[in-house]
Amino acid sequence: MPHAPLLRFTDVVPLRTEVAGWRRAGARVVLVPTMGALHAGHLALMARARALGQRVVASVFVNPTQFGPHEDFSRYPRDTETDLALLAEAGVDAAYLPEVSGMYPEHFSTRIEVEGLTEGLCGAFRPGHFSGVATVVTKLLNRVQPDLALFGEKDFQQLLVIRRAVRDLDLPVEIQGVPTLRETDGLALSSRNRYLDADERARAPRLHAVLSRIAEGLAAGGNAVPLLAEGHAALTAAGFGPVQYLEVRDAETLAPLERATRPARVLAAAYLGRTRLIDNVPVG
Ligand code: AMP
């Protein structure tokens with residue numbers, strides 16, 4: 001059966017009316033928040049959403065409050081028409097494209113801070129980032145009112161921050177993570193990969209290779225300290241720099257770990273030329 005055409009919403013009231021109708025009819029509604037510039041990793045989330053619910057809403061919003069003053073907000077890739085075509089092809093029911101002025105009206109003054117989890121890793125290098133993320137995701141959840149929302153493990157710290165905010169604030173929604181989709185050479189798909197030139201693109205898969213090597217060493221009972229030192233050296237040799245962090249953390253609390261005595265994750269952020277890449281892998 002051909003799928004119904006993609007609905008497109010900019011305003012929250014008609015979107016809510018549509019979603020409320022779906023829910024009254026017994027449908028499980030799944031939200032997939034994105035910043036657009038969609039790639040196959042996003043589409044894997046859409047496919048998972050279709051498998052888990054009867055109705056799928058994808059939001060496309062480049063959220064200004066999660067970018068620092070020297071980050072890439074103004075040059076972040078935007079291609080709404082291509083995004084809408086991809087969402088239609090993926091069988092998404094509704095695209096939600098809010099405007100910045102509607103999300104952040106004059107005198108907007110509330111922000112959500114998730115303490116602890118946001119202190120290290122990306123939080124240490126992107127002040128205000130996770131507060132911007134937690135605030136916009138809370139708004140999107142309140143606006144769309146889905147039963148379930150999906151987030152990629154690619155942004156592992158973000159996934160944990162959102163889970164915690166939803167739990168702490170009693171938001172009536174389930175959060176699920178989706179494993180990272182990678183190119184065949186291991187590079188995690190990302191909208192920012194299009195910033196890489198040919199030489200950088202050839203080096204970029206080393207990040208995943210280094211993370212995997214550390215994860216294997218830990219799974220074999222190794223100690224993180226020498227594994228991380230070796231990993232740092234390998235990244236530098238591959239042309240990455242600065243390496244902002246390369247760490248082994250508890251997969252639930254993000255507490256630092258020296259050995260994988262609990263479920264663990266190896267996470268990194270590193271520049272390759274002007275492009276900041278992040279990635280992470282599970283241990284075991
Ligand atoms: P973004 O548009 O970068 O904000 O990403 C939107 C959602 O897609 C987030 O939940 C990301 O974690 C997820 N995502 C991005 N890249 C990937 C990938 N390679 N595999 C799986 N999920 C991804």
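Atoms within a ligand are numbered from 1 in the order they appear, just like the ligands themselves. We count residues from 1, following the sequence as given. Computed from a predicted model, the values in this text were never measured in an experiment.
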Against heavy atoms of Asp155, which atoms of ligand 1 measure under 4.0 Å?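 Within the 4.0 Å cut-off of Asp155, ligand 1 contributes 11 (C), 12 (O).
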Quick one: which ligand 1 atoms are inside 4.0 Å of a heavy atom on Thr180?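 Answer for ligand 1: 19 (N), 20 (N), 21 (C).
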Please check whether Pro33 reaches ligand 1 - meaning an N/O of the residue sits under 3.5 Å from an N/O of the ligand, judged on distance alone.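 The answer is no, given that Pro33 and ligand 1 share no N or O pair closer than 3.5 Å.
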Does His42 reach ligand 1 with a nitrogen or oxygen that is under 3.5 Å from one of the ligand's nitrogen or oxygen atoms?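 There is such a contact, yes.
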Identify the protein heavy atom lying closest to [atom], giving its residue, its atom name and the separation to 0.1 Å.
atom: atom 4 (O) of ligand 1; value: Met35 CG, 3.5 Å
atom: atom 15 (C) of ligand 1; value: His39 CE1, 4.0 Å
atom: atom 22 (N) of ligand 1; value: Leu45 CD1, 3.2 Å
atom: atom 20 (N) of ligand 1; value: Leu181 N, 2.8 Å
atom: atom 9 (C) of ligand 1; value: Gly152 N, 3.9 Å

Tell me which part of Arg182 gets within contact of ligand 1: side chain, backbone, both or neither, using heavy atoms under 4.0 Å.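 Under 4.0 Å from ligand 1, Arg182 contributes no heavy atoms.
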Arg143 to Phe9 six-membered ring, cation-pi geometry met (6.0 Å, 45°):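 Arg143 over Phe9 ring: no.
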Does Arg111 make a cation-pi contact with Phe130, if we ask for NZ or CZ under 6.0 Å from the ring centre and within 45° of the axis?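 Checked: cation-pi criterion not met.
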In terms of side-chain heavy atoms, does Asn63 have a donor or acceptor partner in Tyr76 at a distance below 3.5 Å?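 There is no such pair between these side chains.
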Sequence neighbours excluded, which residues qualify as side-chain contact (heavy atoms from CB on, under 4.5 Å) partners of Leu254?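 Leu254: side-chain contact (heavy atoms from CB on, under 4.5 Å) contacts with Leu117, Leu121, Phe156, Gln157, Leu160, Arg249.
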If two hydrophobic side chains count as joined below 4.5 Å and joins carry through other members, does Met35 share a cluster with Leu150?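 Met35 and Leu150: separate clusters.
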